[in-house]
Structures are given as structure tokens and as C-alpha cells.
Amino acid sequence: IFVQNSFIDLFSKCLDPNSSRKVFDEMPHRDLVTYNSMISAHAKAGDPDAARELFDGMASPDVISYNAVLDGYARAGRADEAFSVFEHMPARTVVSWTTVVSGYIKAGDLVMARMLYDRMPHRNLVSWTIMIVGYTERGLIDEASALLDRMVGVEGLRPDEVAVLSLVSACGESGVLGFGRRVHGHINNAPALRKSTRVSNALVDMYSKCGCIDEAVKVFESIPNKDTISWNVMLQGLANHGHGRQALGLFARMQDAANVLPDGVTFVGVLCACARAGLVDEGLRHFTSMQSKHGVAPK
RNA sequence: UUCAGGUUGUUUU
């Protein structure tokens with residue numbers, strides 16, 4: 001039963017709820033974890049109704065079953081339904097609260113999200129991150145800034161890698177350069193974050209999206225171990241800024257670099273750069289070599 | 001073995 005439960009979980013992580021469900025349906029005996037894993041599989045796949053249906057058939061759900069149902073509604077932006085389940089829970093954990101808050105954020109109701117957030121009996125780094133990222137995505141920088149200050153200054157919590165990745169990415173999406181620079185400051189004060197290639201990649205992308213291609217290049221060149229994503233974000237940044245030739249030059253450098261191989265995303269960037277620079281023949285050449293030389297198939 | 005935040009994508013996303 002442990003093995004089958006693990007398979008349900010594995011398929012759910014591949015966003016393949018049908019395979020999860022097949023294992024679930026064929027199991028002769030199921031336990032609580034079986035149900036919880038399957039509810040979560042439906043929730044992650046964006047099917048809160050299927051999650052709820054399974055949940056309703058359970059004789060004695062535990063808090064994880066409830067939380068998985070909340071997650072389904074939250075991901076779908078159905079915050080009010082999440083809340084009404086939440087209200088009827090016999091016991092709640094910090095995950096329950098955080099999930100409902102994220103549902104309101106997803107639904108765009110930052111006021112309700114904040115109200116619940118303020119009523120939480122306990123908050124952890126995840127709760128803080130979700131709320132701050134929620135504000136940042138909507139460009140509500142005063143609120144985001146104030147919360148970040150309180151989190152670091154009053155609570156003494158330090159953002160971890162996931163927190164800064166989410167924050168930096170949200171800054172890029174909403175184009176809030178000033179706040180992004182502040183987050184960059186926090187990163188520079190934490191050696192583990194400063195050394196992280198993933199974090200640097202997110203910064204390169206953020207500066208590009210905020211229109212600061214020079215700063216993006218500066219961060220990019222400072223990365224000692226550039227991975228495929230580092231090259232991809234820089235390439236796209238140059239292409240989006242209309243620097244098609246420089247983007248293609250970067251692609252040439254990438255091919256000489258050790259330990260990295262171009263992937264499908266790289267070629268979208270390369271072809272985009274060609275399209276924007278009007279380089280039809282060169283684009284066609286890259287499209288051909290993509291398949292013959294790099295083994296990347298068009299999708 | 002199961003629950004909340006995770007960096008790169010061409011299009012009016």
C-alpha cells in the first residue's frame with residue numbers, strides 16, 4: 001500500500017491525475033494517505049470538484065485531507081468555497097490558514113487575504129512570503145515593503161531561496177524596480193542567496209523585465225556557474241530589448257561554454273531574436289541546426 | 001508514503 005500511495009503521489013507531481021486515479025481505483029485496500037494523496041492530485045491538477053467529491057466520501061478525514069481540499073479551491077481562485085470549508089474545520093494548522101489566504105490572493109481579493117492573514121494565530125516564512133508576493137504581483141509596493149520590513153525587522157525571519165525567487169519574479173512581472181532593488185539588497189546580505197545561480201537567474205530576468213538591460217548583463221556576467229536558464233534569460237532579455245545581434249552573439253558564446261546545452265526554450269529565444277532583427281535566413285538556419293545538431297524537436 | 005510559497009517561452013496571455 002505504501003508503494004501504491006507513492007505512485008499516486010509521483011503521478012500527481014507530474015500533473016497526471018488520470019494515472020494517479022487509475023492506481024487509486026485499482027487498489028484493493030486504501031488508507032488515509034491514499035485518499036489524501038488522491039485529493040491532492042486532483043487539487044494540484046486544478047480539479048477542486050473531483051477533490052471535494054473524494055473528500056465527501058471519507059468517513060474520517062484528517063487535517064491534511066481538509067488542507068488538500070482547501071488547496072484545490074485556492075488554486076482555482078474559488079476563495080469563498082475554500083473559506084466555507086475552512087470555517088467548518090474541526091482543527092486548523094498554519095497550512096490551512098496560509099492556503100485560504102493564498103486563495104483570496106489568487107482571486108485578487110487582497111483585502112480579505114490580509115484580514116485573514118492578520119487573524120492568523122501563527123505565521124511562518126511561507127505565510128509571510130505568500131502575502132508579500134501577493135502584494136508585489138499587484139504592484140502594491142507600500143504594503144509589500146512594510147510587510148517585508150516587519151518580517152525581517154520585527155519577526156527576525158530571513159527570506160530563504162524560495163522566498164526570494166518568488167519575490168524577485170513577482171517584481172519582474174509587475175515591473176517594480178525600486179522594490180526589486182531592495183530585495184536584491186537583502187540577497188547581497190545573505191551569502192547563500194548571493195551565491196545561488198537560481199537567484200541570480202531570477203535577478204537577471206527581473207532587471208531585463210524592468211527595462212534595465214545593463215544591470216541584467218552585470219548580474220549575468222557575475223554568475224560563476226551559469227546554467228542553461230542563465231543563458232536563456234539573458235538571451236530573451238537581449239531579444240526583448242531589440243538587441244537581436246547581441247542575443248545571437250550570446251548564443252554563440254553559450255555553445256562554446258562548458259557544461260551547458262541549449263534546450264527548447266533557448267531556441268525560442270534565438271528564433272525570437274532573429275524575428276525581431278528581421279534575420280529570416282539566419283533564423284531558418286538555427287531552426288534546422290536545432291534539430292540536426294542539437295537534437296531539439298519543434299513542439 | 002499524503003497538505004501551503006519556487007528562477008527562463010514565441011501570441012492582445
Taking the side chain of [X] as its heavy atoms from C-beta onward, which of [options] lies nearest to it?
| X | options | value |
| --- | --- | --- |
| A:Arg198 | B:A4, B:U1, B:U7 | B:U7 |
| A:Leu165 | B:U2, B:U7, B:U8 | B:U7 |
| A:Ser37 | B:C3, B:G9, B:U2 | B:U2 |
| A:Asp9 | B:U8, B:C3, B:G5 | B:C3 |
| A:Asn5 | B:U1, B:U7, B:A4 | B:U1 |
| A:Phe2 | B:A4, B:U1, B:C3 | B:U1 |
| A:Ile130 | B:G5, B:C3, B:G9 | B:G5 |
| A:Ser166 | B:G6, B:C3, B:G9 | B:G6 |
| A:Val33 | B:A4, B:U8, B:U1 | B:U1 |
| A:Ala163 | B:G9, B:C3, B:G5 | B:G5 |

[N] [atom2] sits how many Å from [X] [atom1], rounded?
| X | N | atom1 | atom2 | answer |
| --- | --- | --- | --- | --- |
| A:Asp160 | B:U7 | CG | C1' | 14 Å |
| A:Phe7 | B:U1 | CZ | P | 15 Å |
| A:Ile223 | B:U8 | CD1 | C1' | 12 Å |
| A:Asp71 | B:U2 | CG | C1' | 12 Å |
| A:Asn124 | B:A4 | CG | C1' | 8 Å |
| A:Asn36 | B:A4 | CG | C1' | 14 Å |
| A:Leu261 | B:U8 | CG | P | 21 Å |
| A:Leu193 | B:G6 | CG | C1' | 13 Å |

Quiz prompt | Pairwise side-chain contact, A:Ser169 with A:Glu173, heavy-atom cut-off 4.5 Å (strictly under) | solution = yes
Self-check item: Test of ring centre spacing under 6.0 Å for A:Phe287 and A:Phe267
Solution: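 Between A:Phe267 and A:Phe287, which both carry aromatic rings, the centre distance is not below 6.0 Å.
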Quiz item: Does the gap between the ring centers of A:Trp231 and A:Phe220 come in under 6.0 Å?
Solution: yes
Quiz item: So, the side chain of A:Ser127 versus the backbone of A:Asn124: is there a donor-acceptor pair under 3.5 Å, distance only?
Solution: yes
Quiz prompt | Evaluation steps, side chain to side chain donor-acceptor pair (under 3.5 Å), between A:Asp62 and A:Ser65 | solution = CA-CA 5 Å; A:Asp62 67 359; A:Ser65 330; 2.8 Å; yes
Give a yes-or-no answer on whether the side chains of [X] and [Y] include a donor-acceptor pair shorter than 3.5 Å.
| X | Y | result |
| --- | --- | --- |
| A:Ser208 | A:Asp205 | no |
| A:Asp9 | A:Ser6 | no |
| A:Asn201 | A:Asn232 | no |

Quiz item: Is there a donor N/O on one and an acceptor N/O on the other, under 3.5 Å, for the side chain of A:Asn232 and the base of B:G9?
Solution: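 Per atom types, no contact qualifies.
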Using a heavy-atom cut-off of 4.0 Å across all strands, would you classify [X] as base, sugar-phosphate, or nothing?
| X | value |
| --- | --- |
| A:Thr129 | base |
| A:Val133 | nothing |
| A:Val233 | sugar-phosphate |
| A:Gln4 | nothing |

Exercise. Respond yes when some side-chain nitrogen or oxygen of A:Arg75 is under 4.0 Å from OP1 or OP2 of B:G5, and no when none is.
Key: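 Indeed, a polar side-chain atom of A:Arg75 lies that close.
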Quiz item: Under 4.0 Å between a side-chain N or O of A:Lys209 and OP1 or OP2 of B:G9?
Solution: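 Affirmative; the distance criterion is met.
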Quiz item: Could you spell out the base pairing of RNA chain B in dot-bracket, with Watson-Crick or G-U pairs whose two distances are under 3.5 Å, [ ] crossing and | to another strand?
Solution: .............
Hey, can you pull the donor-acceptor pairs under 3.5 Å for the side chains in residues 23-35 of chain A, sequence neighbours left out?
| residue | atom | partner | partner atom | Å |
| --- | --- | --- | --- | --- |
| A:Asp25 | OD1 | A:Arg21 | NE | 3.3 |
| A:Arg30 | NE | A:Phe24 | O | 2.9 |
| A:Arg30 | NH2 | A:Phe24 | O | 3.1 |
| A:Arg30 | NH2 | A:Asp25 | O | 3.4 |
| A:Asp31 | OD1 | A:Asn5 | ND2 | 3.3 |
| A:Asp31 | OD1 | A:Val33 | N | 3.1 |
| A:Asp31 | OD1 | A:Thr34 | N | 2.9 |
| A:Asp31 | OD1 | A:Thr34 | OG1 | 2.7 |
| A:Thr34 | OG1 | A:Asn5 | OD1 | 2.7 |
| A:Thr34 | OG1 | A:Asp31 | N | 2.9 |
| A:Thr34 | OG1 | A:Asp31 | O | 3.4 |

